[in-house]
Asker: 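Can you read through this structure? Questions will come right after.
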Amino acid sequence: MINPRTNVTDTTTPSGLGTGIAKWLGIAFAPSANTLFAAPFDASAVLSVRFTVSLSVVAPLRQITELTNMLGSLQSELVSSEATRVSTQQVTDAALLSSQVARL
């Protein structure tokens, strides 16, 4: 386990968890309870970990998520705009070619 405030790693076995690997699989976060839940894989019970969240950690992560969403939207708009530009160019080229053929 790592303490995110101090960046100190605790390699001792936490009380009551026992030994072994792959005891839980997957994880779910319940924000209203500030709790992580892990489903049992090779364990007899759900693992729940309660913690407190520092706003100094949450705010930057929220900003990163918002920026990522904004960049994804911008990329979609650019792809759409480029497709429209190429389509318009093809119509213009076809019209120009037709008018040149008509003059011959």
Side-chain angles (χ1 to χ4, degrees):
M1 293 185 293
I2 299 173
N3 182 334
R5 292 185 183 197
T6 62
N7 205 25
V8 173
T9 303
D10 177 8
T11 57
T12 62
T13 303
S15 173
L17 295 181
T19 59
I21 59 173
K23 295 177 84 169
W24 294 275
L25 179 66
I27 196 161
F29 174 54
S32 61
N34 286 338
T35 304
L36 297 170
F37 294 99
F41 178 71
D42 189 21
S44 60
V46 171
L47 174 66
S48 64
V49 179
R50 294 180 189 265
F51 59 93
T52 57
V53 177
S54 168
L55 291 179
S56 63
V57 173
V58 173
L61 293 176
R62 188 169 290 146
Q63 290 172 348
I64 290 169
T65 301
E66 289 171 1
L67 285 172
T68 302
N69 291 339
M70 187 174 23
L71 289 173
S73 296
L74 286 173
Q75 181 180 11
S76 295
E77 289 296 322
L78 286 172
V79 168
S80 176
S81 176
E82 179 63 12
T84 301
R85 186 194 67 74
V86 168
S87 176
T88 302
Q89 185 63 45
Q90 289 171 343
V91 169
T92 303
D93 290 347
L96 181 61
L97 183 59
S98 292
S99 68
Q100 289 175 349
V101 168
R103 282 188 233 159
L104 296 176

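None of the values given here were measured: they were computed from a predicted structure. Scope of the values below: all heavy atoms of this structure, side chains included, with no hydrogens, waters or symmetry mates.
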Asker: Would you say Ser87's side chain and Ala83's backbone share a donor-acceptor pair under 3.5 angstrom?
Answerer: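 Between the backbone of Ala83 and the side chain of Ser87 there is no qualifying donor-acceptor contact (under 3.5 Å).
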Asker: For the backbone of Ala94 and the side chain of Ser98, can you confirm whether one donor and one acceptor N or O come within less than 3.5 Å of each other?
Answerer: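 Yes, Ser98 side chain to Ala94 backbone: donor-acceptor pair under 3.5 Å.
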Asker: When you compare the side chain of Leu78 with that of Glu82, does any pair of heavy atoms fall below 4.5 Å?
Answerer: no
Asker: In Å, rounded to the nearest 0.5 Å, how long is the span from CG of Leu74 to CE of Met70?
Answerer: 7.0 Å
Asker: Measure the OG1-CG distance between Thr92 and Leu97 for me, rounded to the nearest 0.5 Å.
Answerer: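 Here the interatomic distance stands at 12.5 Å.
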Asker: Distance from Leu47 atom CG to Leu36 atom CG, nearest 0.5 Å?
Answerer: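 Separation between the atoms: 8.5 Å.
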Asker: Which heavy atom in Trp24 sits nearest to a heavy atom in Ala38, and how many Å separate them?
Answerer: CD1-O, 3.4 Å
Asker: Does the side chain of Val46 come within less than 4.5 Å of Pro40's, by heavy atoms?
Answerer: yes
Asker: Going from OG1 on Thr35 to CZ on Phe29, what distance comes out if it is rounded to the nearest 0.5 angstrom?
Answerer: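 It comes to 8.0 Å.
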